[in-house]
Structures are given as C-alpha cells and as structure tokens.
Number of protein chains: 2
Amino acid sequence: MAKLSDLIEAFIKQLINDTDGTIEIQRNELANQFNCVPSQINYVIDTRFTTERGYYVESRRGGGGHIKIRRVNIEHKGKNFLMHIINSIGDSISQQSAYVFINNFVDYEVISEKEALMLKAATSDKALMAAPVEIRGYIRACILKNMLVSLLV
Amino acid sequence: MAKLSDLIEAFIKQLINDTDGTIEIQRNELANQFNCVPSQINYVIDTRFTTERGYYVESRRGGGGHIKIRRVNIEHKGKNFLMHIINSIGDSISQQSAYVFINNFVDYEVISEKEALMLKAATSDKALMAAPVEIRGYIRACILKNMLVSLLV
DNA sequence: TATTATTAAAGGTCAAAGATAGTCAAAGTA
DNA sequence: TACTTTGACTATCTTTGACCTTTAATAATA
C-alpha cells in the first residue's frame, strides 16, 4: 500500500496542475476525503510543499479558513538560479551571508535594487532584534527563503 | 457560511469605489441584505475599516441613524501616509492584521502587488515558524516597520 | 406655544459558541 | 534510523445573540 502522505501529495499536485498553479483547500475537508486526521495534511504540506521545492503557502484560520498553495514558476533561467540558491541556503544564516546572497542577486540582475532593499530590511539583525540571538539565524533563513520564493510567483 | 465578513468587506469597498470615497449605510439594512446579525457589520467595520487602515468612520444612532465611512484621501502624500502607518503599528501585530495593512497599501497604490507579496512572505506565520509563538508578533511588527521604511528610500 | 416625558428606531458592546488551522510529541512502521 | 500516522491540545478568526446607549419623533403637559 502506497503511503497515505504520498497519495495526498499526488492529489494536491494534480489539483495544482488542473488549475493555473494556485489552489485553495480546506484542511478538514481534504482530511475527510482521505480519511485521515487533519494534521496529516500539515505533515504533507510541511514535508512536500516547501520553499525549497518551489511552493509558496499561505493560510487562514477561523470560519472560512483555508490553505493556499502556489507553485512558483522556475522555468525561466534567472528564476532557476534563484531556486538553486534557495536550496543552498541552510537552516540558519547570518545577516552578513544573507546580504552577500542578496547583493549577488542584484549583480546578476535576478532582482531589482528596490527588492534587494526590502530583502535586507527584512533580514537585518535590526529587524530581528526581538528574537533571541540563538534563533535569529534560523528565522532569517526562513524569511529569506520565503521572500525569494515569493519573487518567483 | 464561509467568509461572510469578506463578502461584506468587499461590498462596502465596492460602494466606496463607486462613489467619491464616502458612503452612508444603515446597519440593519445591510445586515438584512447579507442575512446576518447587525453586529456582524460592526465586526467587519472594526476589523477592516479602521483609522490605521485609512478609513474614517462616523455614526449616529436613533431615527434616521446611519454609519458613514470615508476613505481618507492620500493621493498627494503617499510617503507621509506610509510614515503615519508605520508609527501607528504597535510593538506587536498578528499575521492577519499585518496582511490587512498590506492589502490596504495595495488598494491605495502605495505599494505594488509584488511588493505586497514580499511583505506577506516576510511577515507570515510560516516565515516566523522558528520563533516562539509568544514573540512572533513582536518580530513581525519589527520586520514590517523595517520593510516599510525601506520603501520610503 | 414651549417644554418635558415617552416611545420607537437606530447603532454599540461584549462574551460565548462555532469554525478552522497549527503544534508537538508519542506511537507506529519500514 | 528515518519517516509516517494519530490525536490531544492550542491559536486564531468568525458568527451570533443578549443587553446597552443614543437620538429622533411624538405625545403629553404647562
């Protein structure tokens, strides 16, 4: 028996293919279709629809809540480059390293000056001041990847 | 009844667009149109048409009472407007509130869709996953302000 | 007529109930 | 060991309703 998570993954990918790259699902409904607990949907999303794999995920709780999954376009050569970078960023990264990446993107004309400014603003030590030093790098890496993927949308 | 509040919000915004920026509604009548309790109209107004988001709301009770919503005109002062918003953001903010702010910037054409997506990517719960829940709001507020300031450059 | 009391017609508040999604770690499996 | 499945508990957002306040219109009174 194929693993449930794989089936769910395939199902979601099919959905995305059937549309133009963006879908909106309801966690409970989907869990129901697959006869599994709702949190398994989170597991699938967390392990298969990551920024590293080129997906951008948003969600909302409460009445009318939903999970939105977008597959970004990585066909373009510049974009492909970004995808590689995203994959090469580890779980944690210093401000300095992040800035080096960002400056490189500008040099290679993958992003604009303005976008670079925004990226730096979001990943600076100053912006992350409220976070304990030990975890700043992790948060920064996550933010950086998320933003880069958003540029591919 | 999914996303009723969103429908009401959209309806009101449409009304505002159709006029010159000021509308006058009757709470009960509107609630009737949407088949909801009157207080839901308050909920929508309280969460989506606040001062910080660029709306000015007045109301009057009693016979002939009404709610007047005015969209603040910021055409001549995009940067001042941003500055004002930055100052109105507290030390901590939820993802939802941040997104409402961001969506409003787009409405007001203070930022582009692409910039909005970057802002959302950087301030989402997903991006801040690595941070303890208790301090996420603080980090988010800081990032948001920093990024907005970067847009002023 | 002018003033005051009453009533009806709005809108406001707040908290409980409902509807989703997220987290985390234990248990299961390959 | 690494990945998957479960479920109890948590966080967030929306909907609903009971009760409160304000104001205009009207009736009653001096």
Side-chain angles (χ1 to χ4, degrees), chain A residues 1-12 23-50 53 57-69 135 138 142 146, chain B residues 1-12 23-50 57-69 92-101 103 123-140:
Chain A
M1 173 176 104
K3 291 191 202 72
L4 222 204
S5 287
D6 293 338
L7 295 180
I8 297 173
E9 175 189 5
F11 180 79
I12 293 177
I23 60 163
E24 227 177 81
I25 57 177
Q26 298 225 266
R27 193 181 72 150
N28 289 341
E29 189 190 307
L30 190 55
N32 231 21
Q33 281 181 54
F34 282 93
N35 246 300
C36 66
V37 293
S39 58
Q40 179 140 21
I41 305 301
N42 292 93
Y43 176 71
V44 173
I45 290 174
D46 290 346
T47 56
R48 274 99 157 153
F49 294 88
T50 63
R53 298 188 186 197
V57 180
E58 287 177 285
S59 68
R60 208 172 97 177
R61 308 187 193 192
H66 57 80
I67 300 174
K68 190 195 267 183
I69 305 178
I135 61 168
Y138 293 93
C142 213
N146 249 271
Chain B
M1 200 83 68
K3 299 194 274 192
L4 220 203
S5 288
D6 290 342
L7 294 180
I8 297 173
E9 176 190 5
F11 180 79
I12 293 177
I23 60 164
E24 230 177 76
I25 56 178
Q26 299 227 268
R27 192 179 73 150
N28 289 339
E29 188 190 307
L30 190 55
N32 229 24
Q33 277 182 55
F34 282 94
N35 245 301
C36 66
V37 294
S39 59
Q40 180 140 21
I41 305 301
N42 291 93
Y43 175 72
V44 173
I45 290 175
D46 290 347
T47 56
R48 279 111 153 138
F49 294 90
T50 64
V57 180
E58 286 176 284
S59 67
R60 216 171 71 185
R61 308 185 193 194
H66 61 259
I67 300 175
K68 189 194 273 182
I69 305 178
S92 178
I93 186 175
S94 71
Q95 172 190 296
Q96 161 86 357
S97 297
Y99 279 28
V100 174
F101 271 123
N103 287 334
T123 59
S124 68
D125 274 328
K126 196 124 199 144
L128 303 178
M129 206 165 36
V133 172
E134 320 86 70
I135 61 168
R136 250 177 232 174
Y138 293 94
I139 301 175
R140 172 159 33 234

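In this text, all values refer to a predicted model and were calculated from it rather than measured experimentally. Any value given below was found using the heavy atoms of this structure, including those in side chains, with hydrogens, waters and symmetry copies removed.
- Applying the side-chain hydrogen bond (donor to acceptor under 3.5 Å, both in side chains) criterion to B:Arg140, with sequence neighbours excluded, gives B:Asp125.
- The shortest distance between the side-chain N/O atoms of B:Thr47 and the OP1/OP2 oxygens of D:dT14 is not below 4.0 Å.
- The salt bridge (charged side-chain N to carboxylate O under 4.0 Å, His left out) contacts involving residues 35-48 of chain B comprise B:Asp6-B:Arg48, B:Glu9-B:Arg48, where partners must be two or more places apart or lie in separate chains.
- Along DNA chain C, the nucleotide closest to B:Arg136 and the one closest to B:Asn42 are compared, and the more 5′ of them pairs with B:Asn42.
- A search for ring-ring contact (aromatic ring centres under 6.0 Å, His included) contacts involving B:Tyr43 returns nothing, not counting sequence neighbours.
- Contacts of B:Glu58 classified as side chain to side chain contact (heavy atoms under 4.5 Å, CB included), with partners at least two apart in sequence or in another chain: B:Tyr56, B:Lys68, B:Arg70.
- What separates CD1 of B:Ile69 from P of C:dG11 is a distance of 12 Å, to the nearest Å.
- Remark: A:Val37 engages A:Ser39, A:Gln40 in a side chain to side chain contact (heavy atoms under 4.5 Å, CB included) (not counting sequence neighbours).
- For the pair A:Leu4 CG and D:dC3 P, the computed distance is 18 Å after rounding to whole Å.
- Taking atom CZ on A:Arg27 and atom P on D:dA11, their separation rounds to 15 Å, with Å as the unit.
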Per-nucleotide protein contact string for nucleotides 17-23 of chain D (B base, S sugar-phosphate only, - none; heavy atom under 4.0 Å): B---BBB
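- With a 6.0 Å radius and a threshold of 12 heavy atoms from other residues, nucleotides or ligands, A:Phe34 has its CZ atom above the threshold.
- Backbone-only contact: B:Ile67 has heavy atoms under 4.0 Å from sugar-phosphate atoms and none from a base.
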Stepwise side chain to side chain contact (heavy atoms under 4.5 Å, CB included) test for A:Gln33 and A:Phe11: CA-CA 11 Å; A:Gln33 281 181 54; A:Phe11 180 79; 3.6 Å; yes
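- For the pair B:Ile45 CD1 and C:dT13 C1', the computed distance is 14 Å after rounding to whole Å.
- Backbone-only contact: A:Asn28 has heavy atoms under 4.0 Å from sugar-phosphate atoms and none from a base.
- In this structure, B:Gln26 reaches the sugar-phosphate backbone alone: every heavy-atom distance under 4.0 Å involves primed, P, OP1 or OP2 atoms, never a base.
- One atom, CD of B:Gln96, and another, P of D:dA11, lie 18 Å apart when rounded to the nearest Å.
- Straight-line distance from the NZ atom of B:Lys126 to the P atom of D:dA11: 18 Å, rounded to whole Å.
- Checking D:dT15, D:dT5, D:dC13 against the side-chain heavy atoms of A:Lys3 singles out D:dT5 as nearest.
- Spacing between atom OH of A:Tyr43 and atom C1' of D:dG7 amounts to 16 Å, rounded to whole angstrom units.
- Side-chain nitrogen and oxygen atoms of B:Arg48 include at least one within less than 4.0 Å of the OP1 or OP2 phosphate oxygen of D:dT14.
- Atom CG of B:Asp125 and atom P of D:dC13 are 8 Å apart (whole Å).
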